[in-house]
K.L.:
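One structure, pasted below without further comment.
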Amino acid sequence: MNDLVFRPIAEGERRAVHRLLAEALHASPPDDKGWELVGPSFPADRTLAAFDGDAPVGMASSFATAIAVPGGKTLPAAAVDGVAVRADHTRRGVVTTLLSEQLRDCVRRGDLIAALHASEATIYGRFGYGAATTGQNLRIITSRAALRPEVPVTGRVRLLDPAEAVGRVPELYRRIGLTRPGMIQRPELWWPAYHDRLVRDGGGDHRVAVHIGPDGENGYAVFRTTDQRTPDDPGRGALLEVRDLHAADPGAAAGLWRFLIGLDLVAEISAPMRPADEPLRALVTDARAVQVTGMEDHIWVRLLDAGAALAARTYREAPAVVLGLEDRLLPENTGSYRITADGATRTGASAQLRVDAEVLAMLYLGEWRASTLAAAGRITVVDPAALVDADELFRTDVRPWCGTYF
Ligand SMILES: CC(=O)SCCNC(=O)CCNC(=O)[C@H](O)C(C)(C)COP(=O)(O)OP(=O)(O)OC[C@H]1O[C@@H](n2cnc3c(N)ncnc32)[C@H](O)[C@@H]1OP(=O)(O)O
């Protein structure tokens, strides 16, 4: 550890550092063509690395984005898209140094929140990240899953060719907007790395369907199908996997699901990481045709400037609560915050509920109830009456969800 050098990477070091990430995640590093698409999403100036001599042995990268918070504001945020330590250098504190420095770097840049998808649920709590959204993994048996007759038809669906999809979906995502807390803006560099290479001519095997409502395109689905027939089961229908599905309103969402469920020769649909309150089971005639095969933590968030982030979201009507925060890694956040229906401010008042940075992050987007976390011993309750008020203040109309993989 002592002989390692921690520093931002240089432009010419990006690919070697990305290879380190791919290896740590047991993925294949992109070939030259793939790197043309992925490389730009991996800017040198937001990548910190640990070097053993010339060799990168640890890295932490992010890209700049904005995240929607309850009430609809969007806050500058860091999307932490790569964290890895070479297998022969793990458990010596390398990532602790990198993530601690990355947090300070993000604060200096003015990001109010950092967000990530965790490879394991045991890594990030110690750095003040909390599991802030939940995704449900759905399996839909298409032969039993027709949409109910009363679900209105509000438009039609059209398949795009790859060039159209590359050109049009980014604009459509922007137009649909960040409809739930936890959704992020997708910067230009995100699209080639995460969308274009799935749908492009000659490489990608995904297709894109758009929903066209009375005022134009208002939803899309990126999906692929895989033939599942075998010599023993020659009549078996295909598997359809939904990669990305966003809609501006419930009618467009229902139209997309109707299209996907109705595709000929498809036996089942796999739709991972959908919003926990997506009403698919209510939309179909046989609710049991939509099975929840898993519920998983989706994005984890970290409040970088707790005061500004708390002040930026809205709260429901309830008596005020004073939260006491202890933030070990960013001690400037440590203190008391008075949360009211009119907003949140720092206060000198003594705390009714004491939380650490991880638990505050779990509460922030509205996914967790304070009383649930208190029951688990995660909140120190000084004044029990404050728990029910905190439950109400932080509650949101819709479940938070990110819906963007990074
Ligand atoms: C946003 C993303 O990119 S998610 C992808 C994260 N990357 C991966 O999963 C790739 C494979 N894993 C790795 O590269 C590394 O093992 C990492 C990045 C997870 C951890 O890096 P390390 O340098 O070994 O972590 P470090 O030594 O700083 O450990 C910090 C603490 O976390 C603990 N820890 C580290 N990794 C894990 C883990 N996978 N599970 C549980 N605890 C862990 C350590 O035990 C240590 O605890 P302590 O402070 O109580 O002693």
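Every number for a ligand or one of its atoms is a count from 1 in the order of the listing.
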K.L.:
Measure the distance from atom 25 (O) of ligand 1 to every protein heavy atom, then report the residue, atom name and distance (to 0.1 Å) of the closest one.
P.N.:
V95 CG1, 3.5 Å
K.L.:
Of the listed options (R91, R92, E120), which comes nearest to atom 45 (O) of ligand 1 when hydrogens are ignored and any heavy atom counts?
P.N.:
R91
K.L.:
Can you report which non-hydrogen protein atom sits closest to atom 49 (O) of ligand 1, along with the distance?
P.N.:
R126 NH1, 3.7 Å
K.L.:
Can you name the atoms of ligand 1, numbered from 1 with element, that are less than 4.0 Å from a heavy atom of V80?
P.N.:
1 (C)
K.L.:
For atom 4 (S) of ligand 1, find the nearest protein heavy atom and state the residue, atom name and distance (0.1 Å precision).
P.N.:
Y124 OH, 3.2 Å
K.L.:
Begin from the C-alpha positions of R313 and Y364 and carry the test side-chain hydrogen bond (donor to acceptor under 3.5 Å, both in side chains) through to its verdict.
P.N.:
CA-CA 8 Å; R313 65 153 285 180; Y364 181 70; over 6 Å; no
K.L.:
When you compare ligand 1 with T122, is there at least one nitrogen or oxygen pair between them that comes in under 3.5 angstrom?
P.N.:
yes
K.L.:
Report the residue from T396, T133, T134 that forms a side chain to side chain donor-acceptor pair (under 3.5 Å) with E367.
P.N.:
T134
K.L.:
Which atoms of ligand 1 are found less than 4.0 Å from any heavy atom of V94?
P.N.:
23 (O), 28 (O)
K.L.:
What class does the angle between the rings of F259 and F223 fall in, given that below 30° is parallel, 30 to 60° is tilted and above 60° is perpendicular?
P.N.:
perpendicular
K.L.:
May I ask you to identify the nearest protein heavy atom to atom 28 (O) of ligand 1, giving residue, atom name and distance to one decimal place in Å?
P.N.:
T96 OG1, 2.7 Å
K.L.:
Can you name the one residue among D356, D327, D111 that meets salt bridge (charged side-chain N to carboxylate O under 4.0 Å, His left out) with R302?
P.N.:
D327
K.L.:
Got a protein heavy atom sitting under 4.0 Å from atom 12 (N) of ligand 1?
P.N.:
no
K.L.:
Angle class for the W401/H298 ring planes (parallel below 30°, perpendicular above 60°, tilted otherwise)?
P.N.:
tilted
K.L.:
Could you walk me through whether N137 and T293 pass side-chain hydrogen bond (donor to acceptor under 3.5 Å, both in side chains), step by step?
P.N.:
CA-CA 5 Å; N137 301 334; T293 56; 4.9 Å; no
K.L.:
Is there a nitrogen or oxygen of I123 sitting under 3.5 Å from a nitrogen or oxygen of ligand 1?
P.N.:
no
K.L.:
Determine, for D227 against R229, whether the closest basic-nitrogen to carboxylate-oxygen distance falls under 4.0 angstrom.
P.N.:
yes
K.L.:
Considering only the protein, which heavy-atom contact is closest to atom 8 (C) of ligand 1, and what is its distance?
P.N.:
S119 OG, 3.5 Å
K.L.:
A side-chain contact here means heavy atoms from C-beta on lying under 4.5 Å apart; do L280 and L138 qualify?
P.N.:
yes
K.L.:
When the aromatic ring centroids of H211 and W257 are compared, is their separation below 6.0 Å?
P.N.:
no
K.L.:
Identify the protein heavy atom lying closest to atom 7 (N) of ligand 1, giving its residue, its atom name and the separation to 0.1 Å.
P.N.:
V83 O, 2.7 Å
K.L.:
Nearest to atom 14 (O) of ligand 1, what protein heavy atom do you find, and at what distance?
P.N.:
V85 N, 2.8 Å
K.L.:
Relative to each other, are the rings of F42 and W35 parallel, tilted or perpendicular (30° and 60° limits)?
P.N.:
perpendicular
K.L.:
Identify the closest protein heavy atom to atom 27 (O) of ligand 1: which residue and atom is it, and at what distance?
P.N.:
G93 N, 2.8 Å
K.L.:
I'd like to check which ligand 1 atoms, numbered from 1 as shown, lie under 4.0 Å from a non-hydrogen atom of H117.
P.N.:
1 (C), 2 (C), 4 (S)
K.L.:
Would T90 count as being in polar contact with ligand 1, using the rule that some N or O on each side must be under 3.5 angstrom apart?
P.N.:
no
K.L.:
Under a 4.0 angstrom heavy-atom cut-off, which atoms of ligand 1 come close to A84?
P.N.:
14 (O)
K.L.:
For the aromatic rings, using the six-membered ring if either is Trp, is the centroid distance between Y194 and F406 under 6.0 Å?
P.N.:
no
